[in-house]
Number of protein chains: 2
Amino acid sequence: MADESTLAPDDPRTGDITTAVEDGRRARGRRTRESILDAAVDLASVEGLDGLTIGRLATALGMSKSGLFSHFGSKEELQLATIDAAREIFIREVFAPAREADRGLPRLVALLDAWLAYMRREVFHGGCFFDAVRNEYDSRQPGPVRDAVRADFATWSESLANRVRSAQAHGHLDPGADPEQLAFELDALGGAANVRFQLDRDEVAFERARRGIHSRLEALAV
Amino acid sequence: MADESTLAPDDPRTGDITTAVEDGRRARGRRTRESILDAAVDLASVEGLDGLTIGRLATALGMSKSGLFSHFGSKEELQLATIDAAREIFIREVFAPAREADRGLPRLVALLDAWLAYMRREVFHGGCFFDAVRNEYDSRQPGPVRDAVRADFATWSESLANRVRSAQAHGHLDPGADPEQLAFELDALGGAANVRFQLDRDEVAFERARRGIHSRLEALAV
DNA sequence: CCTACCGATCGGTAGG
DNA sequence: CCTACCGATCGGTAGG
């Protein structure tokens with residue numbers, strides 16, 4: 001287990017016993033915060049960012065409400081931090097593996113495969129965190145949480161469209177195809193698989209999504 | 001405004017002043033219940049069936065909590081009644097108009113058009129009620145509300161697949177196509193348009209769905 | 001349909 | 001990180 005002494009070599013403040021103790025506290029606080037956010041992301045994927053209550057989260061972690069709350073200034077900050085934590089996991093589980101594939105169509109296919117696999121193995125208990133919160137906040141009043149949800153979805157949509165454009169630039173897909181249109185359809189198929197799998201727990205949903213995705217890509221392959 | 005006297009001709013209990021008064025009360029109660037459910041469906045399409053709280057609903061209707069509550073035995077009964085009310089509206093706004101079209105492909109297209117139009121004109125404030133509650137309950141613990149949501153979604157999926165089969169039987173669509181697969185893809189495109197429109201308020205989402213739907217149908221047309 | 005409640009839980013604060 | 005609170009709101013009940 002890491003404590004202040006293992007961090008000391010890289011710490012310019014080493015030698016001052018007071019700051020060393022403070023750093024130890026900070027490191028412990030950071031670890032606690034991370035474990036809170038791991039639980040928060042999981043809970044929110046099932047109950048939504050509204051159902052993510054401080055009391056429930058504290059009970060799940062065996063902490064007091066106020067102890068947990070002290071890591072965040074408000075429920076909204078907790079919600080925003082939870083979105084940040086989910087984004088990091090999504091990047092690690094979906095974007096990162098896809099980067100191993102060759103540029104162009106192989107990378108687009110790898111991204112979609114990694115996305116479906118992430119939904120299938122339920123990295124979060126309630127399926128795709130972002131699918132859940134997007135549907136939860138899509139018709140809510142404007143606010144920082146809704147803005148964050150919107151921004152992440154825009155990033156995802158643009159990533160898909162950019163990888164379509166890259167596949168076109170590499171001569172793998174018909175350059176006449178509309179990248180935004182194709183990105184819309186690919187996202188739609190994966191999103192439908194996520195909600196159907198969560199509802200029926202029938203893997204056929206992913207098979208349907210995969211078939212739809214590959215038939216779209218094959219139709220545009222050159 | 002309808003009251004007990006306008007209902008009397010069809011009522012076998014006419015003539016008994018006590019039951020007439022009771023019927024009047026019942027009719028008034030029924031109308032109140034209906035106005036509650038209209039508001040409930042709208043609120044739930046934005047805030048979800050969990051966010052549908054008795055206090056909020058009572059305030060919106062200018063009623064007392066307990067007065068409203070007396071129409072339902074529990075919050076769960078209110079949620080189930082809200083789903084019933086939303087179903088009736090969906091049938092009236094989506095299924096019924098599609099029945100005007102000729103059997104086969106025209107009716108399938110009419111159903112999809114009516115569905116997109118219903119989402120576009122926001123029959124419910126938060127977009128498609130069923131899309132909202134399906135995503136809200138997909139990963140929840142089993143229970144009567146989740147079961148009702150599942151059942152309605154199964155009905156919708158089967159309706160789409162049956163209309164695909166009818167179009168095949170009428171020689172309008174390739175009989176070799178998998179009706180369930182096509183129904184999955186058509187539903188996915190419409191669902192994606194709903195959430196995107198709610199998030200960005202950009203009508204292009206419906207254009208994308210329409211283009212995707214028509215290209216799928218054209219590819220299978222005979 | 002109302003007033004007047006109930007215990008539980010909500011987000012949040014004081015003070016250590 | 002805790003105990004001990006706060007006012008507001010939750011679903012629900014008693015009694016009329």
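Convention: sequence-line order gives letters A, B, ...; per-chain numbering from 1.
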Whole-Å gap separating [atom2] ([N]) and [atom1] ([X]):
{"X": "B:M63", "N": "C:dT3", "atom1": "CE", "atom2": "P", "result": "11 Å"}
{"X": "B:L57", "N": "D:dG12", "atom1": "CG", "atom2": "C1'", "result": "16 Å"}
{"X": "A:F72", "N": "C:dG11", "atom1": "CZ", "atom2": "P", "result": "13 Å"}
{"X": "B:L52", "N": "D:dG11", "atom1": "CG", "atom2": "C1'", "result": "12 Å"}
{"X": "A:E47", "N": "C:dC10", "atom1": "CD", "atom2": "P", "result": "11 Å"}
{"X": "B:F69", "N": "C:dT3", "atom1": "CZ", "atom2": "P", "result": "17 Å"}
{"X": "B:L68", "N": "D:dC10", "atom1": "CG", "atom2": "P", "result": "12 Å"}
{"X": "A:R56", "N": "C:dA8", "atom1": "CZ", "atom2": "C1'", "result": "13 Å"}

Next on the checklist: Base, sugar-phosphate or nothing for A:S66? Non-hydrogen atoms, less than 4.0 Å.
Outcome noted: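 Base contact.
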Checklist entry - At under 4.0 Å between heavy atoms, what does A:S64 touch on the DNA or RNA strands: base, sugar-phosphate, or nothing? => result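 The residue A:S64 makes base contact.
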Item to check | B:F130 ring center near B:F90 ring center (under 6.0 Å) | outcome: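 Yes: the rings meet the under 6.0 Å criterion.
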Next on the checklist: Tell me whether the count of non-hydrogen atoms from other residues, nucleotides or ligands lying under 6.0 Å of CD in B:E207 goes above 12.
Outcome noted: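 Count over threshold, so yes.
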Checklist entry - More than 12 foreign heavy atoms under 6.0 Å from NE2 of A:H71: is that the case here? => result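 More than 12 within 6.0 Å, yes.
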Checklist entry - Any idea how B:Y118 and B:F124 line up, ring-wise: parallel (<30°), tilted (30 to 60°), or perpendicular (>60°)? => result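 Rings of B:Y118 and B:F124: perpendicular, as their planes differ by over 60°.
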Checklist entry - Any N or O donor-acceptor pair linking the side chain of B:K65 to the base of D:dG11 at under 3.5 Å? => result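 A donor-acceptor contact between them is present.
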Checklist entry - For D:dG15, which nucleotide in any strand shown is its Watson-Crick or wobble partner with both distances under 3.5 Å? => result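 Check on D:dG15: paired to C:dC2, both distances under 3.5 Å.
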Checklist entry - DNA chain C: A:K75 or B:G62, which has the more 5' nearest nucleotide? => result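 The residue whose closest nucleotide sits nearer the 5' end is B:G62.
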Checklist entry - OP1 or OP2 of D:dC10 less than 4.0 angstrom from a side-chain nitrogen or oxygen of B:T53, does that happen here? => result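 Affirmative; the distance criterion is met.
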Checklist entry - Is the NZ or CZ atom of A:R120 both under 6.0 Å from the centre of the six-membered ring of A:F206 and within 45° of that ring's axis? => result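 No, A:R120 does not sit over the ring of A:F206.
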